[in-house]
Amino acid sequence: MSIKTVFDNHSEDYDSLRRNLIPCFDDFYRTAIEIIPFNERKNIKVLDLGAGTGIMSEMIALKYPESEITLIDLSNRMLNIAKRRLSKFNNRIKYIEQDYSIGKIEKTYDLIISSLSIHHLDKNEKKLLYRKCFNSLTQDGVLINADQVLGETAEIDKIYRDKWIQDVKNNGVSEEELSAALDRMKEDKMSTLLFQTTCLKNSGFCNVNCWYKNFSFAVFSGQKKKKQE
């Protein structure tokens with residue numbers, strides 16, 4: 001089953017389950033927004049990769065009222081939900097239905113952000129994407145990725161998975177909902193945090209840092225800076 005089919009099929013119940021399936025929801029998303037380094041009145045150009053139903057884009061639109069945001073996602077059904085969510089910001093929001101791992105990023109942006117999407121790419125696709133993002137950022141622009149990461153060893157990763165299952169059950173997720181989530185996760189191609197921060201550095205990013213981590217949930221970023229002479 002393709003990623004597009006998976007998310008098309010689960011688009012309507014995606015938001016209702018999101019908070020229960022992300023035990024650290026508030027800290028996870030809040031950190032991603034807090035580390036955006038721009039003045040809140042600045043007219044920043046933003047690209048949201050794998051934007052889904054627009055959760056992250058809405059947070060940015062509210063905090064940065066002059067921002068212009070482009071959402072890209074391969075699921076038309078997810079984007080339709082995002083359009084409803086973001087209708088009050090309609091004059092500064094654009095939507096692209098596309099697989100962002102294929103082809104170029106056509107414009108330049110001050111901020112490229114992604115949440116719970118890049119883990120669907122394999123290692124080589126991640127390397128290529130991070131390089132594309134670097135090339136598509138303005139000077140001093142920032143890439144922020146809030147995502148799930150693989151444990152550095154199989155033993156650590158098992159601890160991550162077991163902890164997540166226990167937490168979501170404690171949050172009231174039913175066996176049926178958990179089974180559906182685990183089925184969706186079969187499409188995941190998670191990589192370790194170390195692998196991805198190394199990819200950012202190798203792509204030219206500076207100030208690469210992990211700002212938040214809760215078991216498999218991590219928020220990390222890199223900035224495009226002029227090279228020191």
Donor-acceptor contact below 3.5 Å, side chain [X] vs main chain [Y]:
X	Y	result
D157	L150	no
S114	L49	yes
D188	M190	no
T197	L194	yes

Neighbour count >12 (heavy atoms, 6.0 Å) for atom [atom1], [X]:
X	atom1	result
F220	CZ	yes
K104	NZ	no
R85	CZ	yes

Discussion item. Test side-chain contact (heavy atoms from CB on, under 4.5 Å) on L21 and R184; report intermediate values, then the result.
Written reply: CA-CA 12 Å; L21 289 173; R184 291 194 297 274; 3.6 Å; yes
Side chain to side chain, [X] and [Y], heavy atoms closer than 4.5 Å:
X	Y	answer
Y212	C24	yes
Y64	V46	no
R84	I81	yes
V142	P37	yes
R161	L182	yes
Q148	L116	yes

Could you state the interatomic distance from [atom1] ([X]) to [atom2] ([Y]), rounded to the nearest 0.5 Å?
X	Y	atom1	atom2	value
E177	K169	CD	NZ	13.0 Å
I105	K132	CD1	NZ	5.5 Å
S221	I35	OG	CD1	4.0 Å
N43	F38	CG	CZ	11.5 Å
E97	N80	CD	CG	8.0 Å
C133	L143	SG	CG	5.0 Å

Item to complete: Classify the side-chain pair N171/D167 by whether it contains a donor and acceptor separated by less than 3.5 Å.
Response: no
Contact summary for [X] and [Y], nearest pair of heavy atoms:
X	Y	value
D73	A51	OD2-N, 3.4 Å
G52	A82	O-CB, 3.6 Å
S203	R131	OG-N, 3.6 Å
G50	S117	CA-OG, 3.4 Å
N145	D147	OD1-CB, 3.5 Å
K127	C199	CG-SG, 3.5 Å

Single-linkage hydrophobic cluster, 4.5 Å side-chain cutoff, [X] and [Y] together:
X	Y	value
I165	F217	yes
L111	Y95	yes
I112	L71	no
L193	F205	yes
L74	Y100	no

Discussion item. Between Y29 and F25, is the ring centroid distance below 6.0 Å?
Written reply: yes
Item to complete: Quick one: do Q166 and D162 satisfy side-chain hydrogen bond (donor to acceptor under 3.5 Å, both in side chains)? Show the steps, please.
Response: CA-CA 6 Å; Q166 187 59 55; D162 291 347; over 6 Å; no
Item to complete: Check which hydrophobic residues are tied to I102 through side-chain heavy-atom contacts below 4.5 Å, counting indirect links as well, and list them.
Response: none
Practice prompt. Just do the side-chain contact (heavy atoms from CB on, under 4.5 Å) check on W164 and L178 with the steps written out, would you?
Written response: CA-CA 11 Å; W164 175 78; L178 177 58; 3.8 Å; yes
Fill in: I69/L86 under side-chain contact (heavy atoms from CB on, under 4.5 Å): CA gap, chis, key distance, verdict
CA-CA 10 Å; I69 306 172; L86 300 169; over 6 Å; no
Item to complete: State which residues pass salt bridge (Lys or Arg N to Asp or Glu O under 4.0 Å) with K107; sequence neighbours excluded, sorted by chain then number.
Response: none
Note: [X]-[Y] ion pair, threshold 4.0 Å (strictly below):
X	Y	answer
K63	E34	no
D140	K225	yes
K45	E68	yes

Discussion item. Using the rule given for side-chain contact (heavy atoms from CB on, under 4.5 Å), can you reason through I33 versus M56, listing the C-alpha separation, both sets of side-chain angles and the distance that settles it, and then say yes or no?
Written reply: CA-CA 8 Å; I33 299 302; M56 185 76 82; 3.6 Å; yes
Worksheet entry | Among H119, K123, K126, Q196, side chain to side chain donor-acceptor pair (under 3.5 Å) partner for S191 | K126
